[in-house]
Amino acid sequence: MDDSHFASGDISQPLLLSSSSRRRIPHGGILTPHPDGDNYTYAYGPGGIRGLLRNYYALGCAVFASIGGLTFGYDQGVIANVLVMKDFMQRWPIGPWEKGMMTAVLELGSLFGALSAGVLADRHSRRFTIALACAVFCVGSTLQCAATSLAQLTWGRAIGGIGVGALSMLSPLYMAEISPPEVRGSLMALEQFSIVLGAVLGFWVGFFTRNIDGAFSWRIPLGLQLVPGLLLAFGCLLLPPSPRLLVKHGQTEQALRSLAKLRLRSPEESATDPLLQIEILEMQAEALLVAQTAGSATKTTTIRTELRAWAQLFSAKYINRTSIGILMMFFQQWSGINALLYYGPTLMHEIGLQGDAVTLMVSGGIGIVQFVAVLPAIVCIDRVGRRPLLRGGSAVMALAHFLIAILVRQGETDWSSHSMAAWTSVGCVYIFTAAYGVSYGPIGWVLPSEVFPLSVRSKGVSLSTASNWFNNFLIGLVTPVLMETSAPGTFLVFATACFLGYLWSTYYVPETANVSLEEMDVVFGSSAGREDLAMKHQIEQELGLHDLIHRWTGDDTS
């Protein structure tokens, strides 16, 4: 969640204000002061579907940038089919450790890519770094498609993973920085939507190529990864530059031109539009706040300064918030969702389904269920709250895994006489996936961005993303070995993780929906948010932001 449209870093919902307090802006939009005289909200237009359609240019840019998430989802979906294709298994008969390593190296590469991309994106540009990440991804995809040995295929996945990890950080970052405030949440949801869509496409492409004779059965789906990679690599160069990065580099005039284009304002309007001026000043205030908090107000960043900024996350002031970001991604991965996506056909066979077509089709349904479950989550995540969804999702997922473990234990020796148990297990898998889709899936990306105050938010989210990839790597590595050792035991491991996630979300995670930074400070017993507010308030006054607000919300402007 980005809070740039709230003064002083307030991330609570806008107060209920009378229509008489709102000020319509000449070039379109509304500026609404809050009763306290300092806070305010503004919008360039309506929210919801109307807002997305009205901001068609920003929507198109965000949709295009979300292709980065699709590359990750596609790999999740396609590898499940490749691992069980006839030509692939005959060409390279591999054991559980080799299968796990080949799958997991992509996540290991992604961990490196996610951590390194932020430095390049800040020093150069979002678009250049996205294009570079796509180039790395395409190199890895080419190696996978043309592999003549298992080593080449593994290296291809590791190199491709660097690009995937970088895009998993860069795409949502760029989307957040170009989004209008009134539709930012909806546009950010495109990232999760794109990941799930990619998983569905990847799986079913592999499903329909599996009966092609020879190596083309698996080379085609692996080669098709190049299409979104090349499309994003060349297309991103046509996207407008990030206004926030331009401000950070001191290029305020260029930032204003880019912002005007994204907000559908003409060059003439950009010079007089108060909403554009407010948003630019907010970006300047945020950049100065982050620089001052890091101990350097210059554009050059030394290694010592960077390390000191990262070390803040583990200080007494922030450690509780940091642990929530790290543990959120830990429980998201150890819930078992990616084990189902990576090794779906293998797991379906372990729970008693017979026949390749049936096994693959049922496994493909996992992605479809997750795709459908994400949609209601987008609607209810703010209304219901984070904790109730996490608690309910954890309980349902733990119960589903536990029931699967019992059913597999009873029927694994003779599935032919326990067909009902096999299909009941499949039903439990789908129930688990639906519960994940409305809880851990979307909240895993939302919660870390909410618990950190503005000054350390970018690094806190980066560390949380690194936790996601590291645990994703472990899941990909150990799942085949766990399944080989004990299928019921594998599901018990996931059930235990989900149960621990229930205890964690019940007794440790605060409710962050519609919670201001001041309330967040009380929850964590820290003054970090209030200190940020005070510093940002002073910076805003020095920049003249509050004077601009008062000038446009005074009685003489009504």
Side-chain angles (χ1 to χ4, degrees), residues 57-76 106-107 109-146 155-179 187-188 190-191 193-195 197-198 201-202 222-249 251 254-255 257-259 261-262 299 301 458 461-462 465-466 469:
Y57 184 68
L59 173 62
C61 293
V63 168
F64 198 84
S66 71
I67 295 175
L70 188 141
T71 60
F72 170 43
Y74 185 91
D75 180 85
Q76 284 184 310
L106 182 132
E107 279 68 48
S110 297
L111 172 62
F112 176 78
L115 290 175
S116 60
V119 177
L120 287 174
D122 284 342
R123 290 187 177 181
H124 300 285
S125 73
R126 311 306 193 214
R127 298 179 302 169
F128 168 79
T129 312
I130 288 175
L132 180 61
C134 288
V136 174
F137 172 75
C138 289
V139 170
S141 298
T142 302
L143 286 175
Q144 293 178 61
C145 178
W155 274 109
R157 289 186 57 77
I159 294 171
I162 296 175
V164 167
L167 291 172
S168 73
M169 179 264 184
L170 293 166
S171 292
L173 175 65
Y174 178 79
M175 292 160 64
E177 292 183 341
I178 67 170
S179 300
L187 290 181
M188 288 300 296
L190 288 172
E191 177 70 7
F193 181 83
S194 184
I195 291 174
L197 177 62
L201 291 176
L222 289 178
L224 285 177
Q225 294 180 103
L226 288 166
V227 175
L230 291 172
L231 181 63
L232 182 58
F234 290 103
C236 73
L237 300 178
L238 302 177
L239 296 174
S242 165
R244 290 182 182 274
L245 185 64
L246 291 173
V247 166
K248 182 177 180 180
H249 289 174
Q251 301 172 343
Q254 296 93 318
R257 287 196 295 269
S258 179
L259 186 64
K261 186 176 182 181
L262 286 163
K299 289 192 294 183
T301 302
S458 61
V461 173
S462 295
T465 303
W469 286 115

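Only a predicted model underlies this, so the values are computations on that prediction, with no experimental measurement involved. No hydrogens, no waters, no symmetry mates; every other heavy atom, side chains included, goes into these values.
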Using the side-chain contact (heavy atoms from CB on, under 4.5 Å) rule, pick out the option among Leu239, Leu245, Thr129 that qualifies with Tyr174.
->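 Looking at Leu239, Leu245, Thr129, the match for Tyr174 under the side-chain contact (heavy atoms from CB on, under 4.5 Å) is Leu239.
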
What's the verdict on side-chain contact (heavy atoms from CB on, under 4.5 Å) for Phe72 and Ser168, showing C-alpha distance, side-chain angles and the deciding distance?
-> CA-CA 8 Å; Phe72 170 43; Ser168 73; 5.6 Å; no

Might you confirm whether atom CZ of Phe112 has over 12 heavy atoms from other residues, nucleotides or ligands at distances under 6.0 Å?
-> no

Might you confirm whether atom CZ of Phe234 has over 12 heavy atoms from other residues, nucleotides or ligands at distances under 6.0 Å?
-> no

Give me the atom names and distance for the closest heavy-atom approach of [X] to [Y].
X: Pro240; Y: Leu262; result: CG-CD2, 3.5 Å
X: Ser141; Y: Gln225; result: OG-CB, 3.6 Å
X: Ala466; Y: Leu115; result: CB-CD2, 3.7 Å
X: Thr465; Y: Ala114; result: CG2-CB, 4.2 Å
X: Ser171; Y: Ala65; result: OG-O, 2.9 Å
X: Ile178; Y: Cys61; result: CD1-CB, 3.6 Å

Would you please test Ser194 and Ile67 for side-chain contact (heavy atoms from CB on, under 4.5 Å) and show each step?
-> CA-CA 7 Å; Ser194 184; Ile67 295 175; 5.8 Å; no

Do [X] and [Y] touch side chain to side chain, with heavy atoms closer than 4.5 Å?
X: Leu230; Y: Cys134; answer: no
X: Phe64; Y: Leu59; answer: no
X: Phe128; Y: Leu120; answer: no

With no hydrogens and no angle check, is any side-chain donor or acceptor of [X] less than 3.5 Å from a backbone partner on [Y]?
X: Thr71; Y: Gly68; result: yes
X: Ser66; Y: Gly69; result: no
X: Ser110; Y: Gly161; result: yes
X: Arg126; Y: Ala121; result: yes
X: Ser258; Y: Gln254; result: no

Within this structure, what is the [atom1]-[atom2] distance for the pair [X] and [Y], rounded to the nearest 0.5 Å?
X: Ile162; Y: Ser116; atom1: CD1; atom2: OG; answer: 7.5 Å
X: Leu143; Y: Ile159; atom1: CG; atom2: CD1; answer: 5.0 Å
X: Leu224; Y: Leu201; atom1: CG; atom2: CG; answer: 10.5 Å

Run the side-chain contact (heavy atoms from CB on, under 4.5 Å) check on Leu232 and Leu167 step by step: do they pass?
-> CA-CA 10 Å; Leu232 182 58; Leu167 291 172; 4.0 Å; yes

Checking side-chain contact (heavy atoms from CB on, under 4.5 Å) for the pair Asp75/Arg157: CA distance, chi angles, key distance, verdict?
-> CA-CA 9 Å; Asp75 180 85; Arg157 289 186 57 77; 2.9 Å; yes

